[in-house]
Amino acid sequence: MVLNVKEIEGGDALPDNDKFIMTNGHSLPNGVEKNGVNGLHHKMEEKEGKEENDEKKDDEEKDCEKKDEGKKDDLAPTVGLIELFKFSTPFDAFLILFGLILAFGGGAAMPIMTILFGDTLQAMIDDRQGQALALLTNGTEPSNKQFIIVIERFAWGMALVASALWIISYIFVTCLNYAAARQVFRIRKEFLQSVLRQDIGWYDVNTTTDFASRMTEDLNKLQEGIGEKLGMMSFFTGTFFISIAVAFAYGWELTLVLLCMIPLLAVAGGLSAKFTTSLAAKEMEAYGKAGAVAEEALSAVRTVLAFGGQEKEIARYEANLVAAKKSGILRGAMVALSGGLVFGIMYAMYGLGFWFGIKLIMDDRSSDECILCGIDPECLKGCVRYNGQNLLIVFFSVLMGGFQLGQIAPYAEALTCARSAAAKIYSIIATIPVIDSSSEAGTKPVITGNIEFSDVVFNYPARKDVKILQGLNLSVPAGKTVALVGSSGCGKSTCIQLAQRFYDPDSGCVKIDGHDLKEVNLAWVRDHIGVVGQEPVLFDCSIMENIKLGKAECTEEEIINACKEANAWRFIEKLPKKLDTMVGEGGTQMSGGQKQRIAIARALIRNPKILLLDEATSALDNESERVVQAALDRARTGRTTIIVAHRLSTVRNADLIVAIQDGVVHEKGTHDQLMSLNGLYFSLVTRQMGDKLEESKEVDDDELINEEDVDIKDLDQLERKDSVVGKLKRQLSRMSMKKKDRTISITEEKEKIEEETDENSIAMGRLLKENSPEWMFMLFGIICSVAMGALMPLFALLFGEILGVIAYADIDLARRESEFYAGMFVILGVGTLTVQFLQGFMFAISGERMTMRLRTKAFKAMLSQEMGWYDKPENNTGALCARLSADAAKIQGATGVRVGSVVQGVGGLIIASIMGLYFSWKLGLVCVIFFPLLIGAVFAQFKIILGIDSIEGKAFETSSKLAIEAITNIRTIAGIQCEERYANMYVELLRVPFKLNLKRSHLRGCIFGFSQAMQFFGWGITLWYGGVLVDRKEVEFEDVFKVVNAIVGGAGMIGYAFAFTGDMNKAFTAAARVFKLLDRVPVIDSRDSVGLRLGDVHGNVSFDEAKFSYPTRKNIQVLNKLRLSIKSGESVALVGESGCGKSTVIQLIQRFYDLDSGSINIESENIESLNVPFVRSKMGIVSQEPVLFDRSLADNIKYGDNSREVSMEEVIEAARKANIHNFVSSLPEGYETRVGGKGTQLSGGQKQRVAIARALIRNPKILLLDEATSALDTESEKVVQEALEAAQVGRTSITIAHRLSTIKAVDKIFVIEGGQVAECGSHTELLELGGLYSNLWNTSTR
């Protein structure tokens, strides 16, 4: 289940209508439901509680094909063919229709060739019979002038057909690829816009962690399915229908006999399509879940590494890949079986057809009428219904039509995958949110700032049975400051979110200036609200760009003033690039206090009428907090301000303090009024201030201590080059930006990307080596592929022999031979069915296993890297997830059945060449000259796609990263109204691959047309030359057909394989990137087998002359010859200004980084010589902003010790120590309650306590507390603090704290300044010293 307990995350139910109507008037097809990514197969009118069922059960229900149990929603959704193109413009529709018509018309090339072919065969038969007749009558050879005319006519006809086909193929491939690129470009934008416009309630009940794979894998499959492969389907379909029409025209009886097995083909194809659709949907669903696991782990990699969770995450990831692998293998087997059935049935049909056709010819020849004709050729022509020409045209028409029908299978599979992928994408696009941030509806009144909560009842949509607000009544007058206080989970932050209309109340209403929020334009309201949250979100761009997100049209002077107001300018101007400094993904390159101040500046720059502060100063140090508080006091003047605070000293000057309990206003008044009541507020204050109550009436007392936490963590990255995203954010935030500037920027980016295409080295050999565990499957598959390659030469041999039977003068011999060769065709059909099935099955196993292994290895390699690798801008979470899913998917293009296609083509070509040279070396050599042309076409295709795909992949990585950043931080995006700006930035980033796609459309079309035309040129020239050789008596006409059919048909297999060379090329590029990752040796080797394991760790830690700079910014010194020593069982605290190196010490002890010089010693052993997992297993970490995973509370606590199976008794005991057990027990699902992505369904305090329980579960020798109680309310803080103090007994503890009152009792306090220990001693000793610590203490208490 998904829980929402408190005042933070929740969600709104989607509308109850069964069918969503899109804004452009399109509706979703039947079977496609309106829920989100992981709920596509459920109706949203199901009770929300049902959506919180066990994930495993939910996953099973979402499989595409379920047994018919009356649950239509459980079926795999696909969109209809027309619905697939719902995002096409009239121009796109024209291109698609024109391309499909041309492709269908291009299918006439083969039937035209067949007619010319039949004409030529009859000329050869007539020539032989004429010679025999002449020798019988007068002993001389007749003139063969007519024979030469027919042969030349065939050659010229084929040249014209080839030229026309080249042009047609170029046009239809270009049109369809062009239209597909335009549509998917539009769909990507629509998809992101739709996701960003969803209300927060939608996010609460839908996972957002697999959008990386949705925006890469699914959309790439969609583009493949509606591009050139659709045209090839039309081309082959046209060939089939036109061929059948020609066959009926030349001999309806024989055609009917040949087509008698078509119903079998249809049934086989239909069943195959049904199962393939289901398996493809299951496969994509499993990959989506695996992508969600990867995204969650990579976005919280510090937590994963700290608790040794790599193997657990890899196991979770692999578990989902197993399901995908099974579906993939079954899908490959079904496709192979389908193709085998098609060919097997066709060959049986051809055997029947030849036998019946020759029977008809011989029956007519043995008739009385023909016997009377004697040897008169003209008389014989009139007495027979069928001759060699009719038989060949009918046979070849049905043959070629059937072959083309067989070739449709892989393209139909691509279309099926596209329909399945489109269903998921389109359903999200079609989802109309209840609270639509993009809607123009609603009034736009003049906002003064009066806010009223009237009888508000609200429970979060994700957990309706957990009560939050229960009839809250509250009035916030314009221009006044109202503080909301109360215990964690009472509903404080819920009020903040309702004021922003993230949710709508279940009953009652929220009004602004007397207007119901539901009736006011949402964007208008949010534009007048400034928000600063407890855990501020910064985006991966510069400080200036982050602040400009609050107000697009602002000057640099306004930004500087906002920074000064937020007390941020002092540290910003010290940075080398000042406002242009990059803050890192999620602001990771800033300390907690710095992030908070930038967020405050972002809120202040928009000069809001309403200011919402949710623990806005909680992360500021002592020196900054008073100044910022004073700035906020000034900023509140003339504005309505709602403050949520646990540190009650920061709200004592509010105009009105509202104490909330059990979802209602318990009491309200000024600080003095509420203190005099001795009620709830008085209780909260006294608990927080303890013995200092009298002093607290005058000052903010010890609890006012700063919360500025982490040092400038990875400050070395702050001067890194601007990212693409950063450039585009700057450009798009300027309303005056011109299109010219945008074009220049994209061009520059393209040039930068092109410089990085050195990864394009081919990795085929390495891929084969990677596939070596499946060598038995591959060997068997290769043998089957060679056997399949021999299919065309064997067919040509039988075909040539049976054509010779037509010219037999002996009727009885002709009948016997026809029966023999008909039987051979049946045997060939059975063999083809068996071999093709085995080929596809073997390669599906080998390909899927290798792909799964590579995905797992890549994910494992990512989790094995040192932290400095993650600090690099190109290795952000979005890019890594996109790379993980897209690269592995592309590698499948060079494995499995694709290998079979290549081996089959090459094997067939070699066998055909040998056979051709055996029967006629002259004709064989003429045929072989066309090989270089066909191979040249393939090679040109290879080079073109290779270069473009590398550039395209980089651009998609960047755009995917931007989209995921926006989706992950949707509350911030929605609060500052940046949805449209992010969508525009995303579109700008997509323009690079979009333009490359358009360019590739022309190249693909030209080369595909060339490869198709070469076959017809080959037929024309080789058959013409064969006719010349027949005329010269150098070869028999049967052998001409054997050679030409074998070699040209074999060369056509290269054309068949050509359709997938794009997939192969993409696979090589992707493989090179994956192998580069796998080959990278981490700076810090965290393997379990490397390093020394100590007999026992007591907790002795020392830093000796430690110098350190973050790897990505070596010129900024963080630690400068730091020396400190911590004894076993000693509790120490690190204090100091922001950026002094406190959190760096914590990270170095966990060995996230290595020192530049000096040493860190544990039990007198250099940490660099110790086993990394062993070192980390002896430590427990609780951070200021804890990261929880989207699992149950029990699983999150158990995550503290991944080396063993933690019992529930231990979980409960740890929860008791962290003061979270009572709360968990009160939940309907107890410890099985899911906490949501990153713990969003818990309040800050609840998350913190779960994190403390997680740290305690492993019974660590060294406890690392990084502001471990900073997010706790007064009711919980003292209890948890006592629990932590008890937990510190008998173990070494290192605490980073800004609330100096929480560290008074530690054994030793280290004051860090400039990367060195400036002072050291106990609290009393340092106060007596009168130095830095004394100043910090006095600042916090004066």
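If you read the sequence from its start, that first residue is 1, and numbering goes on from there. All values derive from a computational prediction rather than experimental measurement.
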Is there side-chain contact between [X] and [Y], with at least one heavy-atom pair below 4.5 Å?
X: Q500; Y: L612; value: yes
X: L579; Y: S542; value: no
X: R1234; Y: D1190; value: yes
X: L474; Y: L484; value: yes
X: V520; Y: P445; value: yes
X: V1224; Y: T1233; value: no
X: V482; Y: I451; value: no
X: W569; Y: I560; value: yes

(message) Walk me through whether I610 and I512 qualify under side-chain contact (heavy atoms from CB on, under 4.5 Å).
(response) CA-CA 10 Å; I610 300 168; I512 185 165; 3.5 Å; yes
For the student: nearest non-hydrogen atoms of [X] and [Y], plus distance:
X: C563; Y: I572; value: SG-CD1, 3.7 Å
X: L549; Y: R602; value: CB-CD, 4.4 Å
X: C490; Y: L469; value: O-CD2, 4.3 Å
X: P608; Y: L611; value: CG-CD1, 3.9 Å
X: L680; Y: H666; value: CB-CD2, 3.6 Å
X: S194; Y: Q198; value: O-NE2, 2.9 Å

(message) Quick check on the 6.0 Å ring-centre criterion: do H671 and Y681 meet it?
(response) yes
Spatial distance of atom [atom1] ([X]) from atom [atom2] ([Y]) [nearest 0.5 Å]:
X: R197; Y: T431; atom1: CZ; atom2: OG1; answer: 9.0 Å
X: C541; Y: M985; atom1: SG; atom2: CE; answer: 7.5 Å
X: L656; Y: T670; atom1: CG; atom2: OG1; answer: 8.5 Å
X: S507; Y: N459; atom1: OG; atom2: CG; answer: 9.0 Å
X: I435; Y: R501; atom1: CD1; atom2: CZ; answer: 5.0 Å
X: D662; Y: L472; atom1: CG; atom2: CG; answer: 12.0 Å

Main chain of [Y], side chain of [X]: is a donor-acceptor contact present, judged purely on distance under 3.5 Å?
X: T640; Y: K480; result: no
X: N521; Y: T443; result: no
X: Q497; Y: Y503; result: no
X: T555; Y: E558; result: yes
X: N473; Y: G471; result: yes

(request) Quick one: list whatever passes salt bridge (Lys or Arg N to Asp or Glu O under 4.0 Å) with D455, sequence neighbours left out. (result) none
(message) Checking R606 now: which residues fulfil salt bridge (Lys or Arg N to Asp or Glu O under 4.0 Å) with it, not counting sequence neighbours?
(response) D527
(message) The test is side-chain contact (heavy atoms from CB on, under 4.5 Å); show your working for L677 and F682 and say whether it passes.
(response) CA-CA 7 Å; L677 288 176; F682 178 84; over 6 Å; no
(request) Enumerate the residue pairs fulfilling salt bridge (charged side-chain N to carboxylate O under 4.0 Å, His left out) with a member in residues 509-524, sequence neighbours excluded, ordered by first and then second residue. (result) none
(request) In sequence, state the C-alpha distance, the side-chain angles, and the governing distance for V1235 and L1193, and then conclude on side-chain contact (heavy atoms from CB on, under 4.5 Å). (result) CA-CA 6 Å; V1235 304; L1193 284 161; 3.4 Å; yes
(request) Would you check, one step at a time, whether the test side-chain contact (heavy atoms from CB on, under 4.5 Å) holds for V485 with K668? (result) CA-CA 10 Å; V485 299; K668 59 184 177 180; over 6 Å; no
(request) Only counting residues at least two apart or in another chain, list the ones meeting side chain to side chain contact (heavy atoms under 4.5 Å, CB included) with N607. (result) R639
(request) Report the residues that fulfil side chain to side chain contact (heavy atoms under 4.5 Å, CB included) with A562, sequence neighbours left out, ordered by chain and then residue number. (result) A601, I605
(message) Applying ring pair (Phe, Tyr, Trp, His ring centres under 6.0 Å), can you list everything that pairs with H528, at least two apart in sequence or on another chain?
(response) W524
(request) Ignoring hydrogens and angles, state whether a donor on the side chain of Y460 or T494 is under 3.5 Å from an acceptor on the partner side chain. (result) yes
